S.K.: 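Shown below is the structure under consideration.
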Amino acid sequence: MNLETTLMGLKLKNPIIIGSSSLTDSVANVKRITDAGAGAVVLKSLYEEQIMVETNQNVGKTEMYQSYPEAMEYVHTFAGEEGMNDYLELIKGCKKKVDIPVIASINCFSLNNWINFSKEIEEAGADGLELNISIFPEDEKLESATIENEYYKIVKSIREIVKLPIAVKMNSYFTNIKLVAKKIEESGASALVLFNRYYRPDIDIDYLHMITRDTLSGPGEITQSLRWVGLLSEKLKCDLVASTGIHGSPGIIKQLLAGATAVQICSILYENGVDYIAEIISELNAWMYRKGFKSIDDFRGLINKDPHNSLSWERIHFMKKTSGNIIKPIQY
Ligand SMILES: Cc1cc2nc3c(=O)[nH]c(=O)nc-3n(C[C@H](O)[C@H](O)[C@H](O)COP(=O)(O)O)c2cc1C
């Protein structure tokens, strides 16, 4: 079977990408993932915030610097560069050891650093760049359009400076996802990753403090990205990468049928280990053989060939009776 896929102009031997996480934070891990058969890898995100916190902690420890602002600024820049250098070494190390596309990932809060980090990552030899743009709407006075414009500004500014293909890892909280996706594409993104999955706060009712729960996704979470891949794949020119809740070959097949160019997986590998990648690939091959598909392109987006299905993607209410028999019930 031919599992080859082209994503943002990059040749992938199969559409399975390992998502940004601690699974992809070292050269050794990326090598194991590659050996298990992944099509590409997105490195753990480089967070501007983390670099700043680490720098502040180091600088704060040395009282001497408090009285010498210039020295403090120098140490800030130096320590910040060190965090950046580690990341650049990770990219270079991966590029030496593996032959699959290595996509870097960044999350910043200042436009300057979105641009600076991107330039450095391009120079280090990454094959692509994923922008993990996550602007939390903490200010109730900000209009949503103002926040959305930030997304476009970041993508445009980076697009003007680097030649690397850019993917934007989106969240699903926009009021009009179709419009935002289109505008991110117009701003210069070659791919959209639908969707990111964030830290989830919870409360421990015995100890009365805040905790985090459900760090890993469940398979039921696939429906959100499946819906939007299905809705957007016919509307956009850029590639769509499905992410969240893809826990095995059925999930991958569904996303490809809905029109995804590729998929990202993460939680399932925390649960089953990275060797599970090989199992998923063999199941994908077996399914294609059973269905008579020789390549991914034979069935990508197939579900959208039936015009009735666009209504199914948009349907949000569980009504008893619909006009026409749009949704086929599952037979148990
Ligand atoms: C432990 C852990 C660390 C993660 N770190 C990052 C990160 O650094 N950057 C990022 O964009 N996403 C990060 N993610 C999110 C994943 O890349 C992915 O989008 C999310 O887990 C949904 O995919 P899944 O359902 O296959 O797990 C992380 C997820 C986990 C579980």
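If you read the sequence from its start, that first residue is 1, and numbering goes on from there. As the structure is a prediction and not an experimental result, all values here were calculated from the model. Whatever order the structure lists ligands and atoms in, that order sets their numbers, starting from 1.
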S.K.: Distance-only, no hydrogens or angles: does the Arg300 side chain make a donor-acceptor pair with backbone N or O of Thr261 under 3.5 Å?
M.R.: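 Flag set: sc Arg300 to bb Thr261 pair under 3.5 Å.
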S.K.: Tell me if a side-chain donor or acceptor on Asn196 pairs with a main-chain N or O of Met170 at a distance below 3.5 Å.
M.R.: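 Answer holds: no.
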S.K.: Tell me which protein heavy atom sits closest to atom 29 (C) of ligand 1, plus the residue, atom name and distance to 0.1 Å.
M.R.: Cys266 SG, 4.0 Å
S.K.: Tell me, which protein residue and heavy-atom name are nearest atom 25 (O) of ligand 1, and how many Å apart are they?
M.R.: Ser217 OG, 2.5 Å
S.K.: Counting heavy atoms only, name the option from Ser21, Gly19, Gly251, Gly218 that's nearest to atom 3 (C) of ligand 1.
M.R.: Ser21
S.K.: Should Tyr47 be listed as contacting ligand 1, given a heavy-atom distance under 4.0 Å as the test?
M.R.: yes
S.K.: Return the closest protein heavy atom for atom 9 (N) of ligand 1 as residue, atom name and distance.
M.R.: Ser45 OG, 2.6 Å
S.K.: Out of all atoms in ligand 1, which are within 4.0 Å of some heavy atom of Ile265? Include the element for each.
M.R.: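 By the 4.0 Å cutoff, the relevant atoms are 26 (O).
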S.K.: Taking atom CG as the centre, does Leu142 end up with more than 12 heavy-atom neighbours from other residues, nucleotides or ligands that are less than 6.0 angstrom away?
M.R.: yes
S.K.: Suppose we measure from atom 22 (C) of ligand 1 to each protein heavy atom; which comes out shortest, and what is that distance?
M.R.: Thr244 OG1, 3.3 Å
S.K.: Which residue owns the protein heavy atom closest to atom 28 (C) of ligand 1, what's the atom, and how far is it?
M.R.: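 Here the nearest protein heavy atom works out to Ser20 O, 3.5 Å.
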S.K.: With atoms numbered from 1 as shown, which atoms in ligand 1 lie under 4.0 angstrom from a non-hydrogen atom of Leu216?
M.R.: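 So the answer, numbered in order with elements, is 31 (C).
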S.K.: Salt bridge or not between Glu122 and Lys119? Use side-chain N to carboxylate O under 4.0 Å.
M.R.: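 No, this pair does not count.
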S.K.: Which residue and atom name correspond to the protein heavy atom nearest atom 1 (C) of ligand 1, and how close is it?
M.R.: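 So the nearest neighbour among protein heavy atoms is Tyr270 OH, 3.4 Å.
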S.K.: Does any N or O atom in Gly245 lie less than 3.5 angstrom from one in ligand 1, N or O only?
M.R.: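 N/O-N/O distance under 3.5 Å: yes.
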S.K.: What protein heavy atom is closest to atom 20 (C) of ligand 1, reported as residue, atom name and distance in Å?
M.R.: Arg197 CB, 3.9 Å
S.K.: Taking ILVMFWY side chains as joined if any heavy atoms are under 4.5 angstrom apart, and letting links pass through other members, which residues group with Leu179?
M.R.: none
S.K.: Short N/O distance, under 3.5 Å, between Ser22 and ligand 1?
M.R.: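 Between Ser22 and ligand 1, no N or O pair is found under 3.5 Å apart.
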S.K.: Short question: side chain of Asp25, backbone of Lys44 - any donor-acceptor pair under 3.5 Å?
M.R.: no
S.K.: Relative to the heavy atoms of Thr215, which atoms of ligand 1 are at a distance of less than 4.0 Å?
M.R.: 31 (C)
S.K.: Between Lys291 and Asp298, is the closest basic N to carboxylate O distance under 4.0 Å?
M.R.: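 A salt bridge is absent here (no side-chain N lies under 4.0 Å from a carboxylate O).
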S.K.: Counting from 1, what ligand 1 atoms have a heavy atom of Ser267 closer than 4.0 Å?
M.R.: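 Counting atoms of ligand 1 from 1, those under 4.0 Å from Ser267 are 24 (P), 25 (O), 26 (O), 27 (O).
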S.K.: Please confirm whether the backbone N or O of Lys237 pairs with a side-chain atom of Glu185, one donor and one acceptor, at under 3.5 Å?
M.R.: yes
S.K.: Give me the nearest non-hydrogen protein atom to atom 12 (N) of ligand 1 as residue plus atom name, then the distance to 0.1 Å.
M.R.: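 The closest one turns out to be Lys169 NZ, 3.1 Å.
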S.K.: Would you mind running through ligand 1 and noting each atom that sits below 4.0 Å from a heavy atom of Lys44?
M.R.: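 Heavy-atom distances to Lys44 below 4.0 Å select 5 (N), 6 (C), 7 (C), 8 (O).
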S.K.: Would you please classify the geometry between the Trp287 ring and the Phe293 ring as parallel, tilted or perpendicular, with 30° and 60° separating the classes?
M.R.: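 If you compare the ring of Phe293 with that of Trp287, the planes turn out tilted.
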S.K.: Start with the C-alpha gap between Glu48 and Ser110, add the side-chain angles, then the distance that decides, and say whether side-chain hydrogen bond (donor to acceptor under 3.5 Å, both in side chains) holds.
M.R.: CA-CA 8 Å; Glu48 178 184 357; Ser110 65; 3.1 Å; yes
S.K.: Mind telling me whether Tyr198 and Tyr173 have parallel, tilted or perpendicular rings, with 30° and 60° as the class edges?
M.R.: tilted
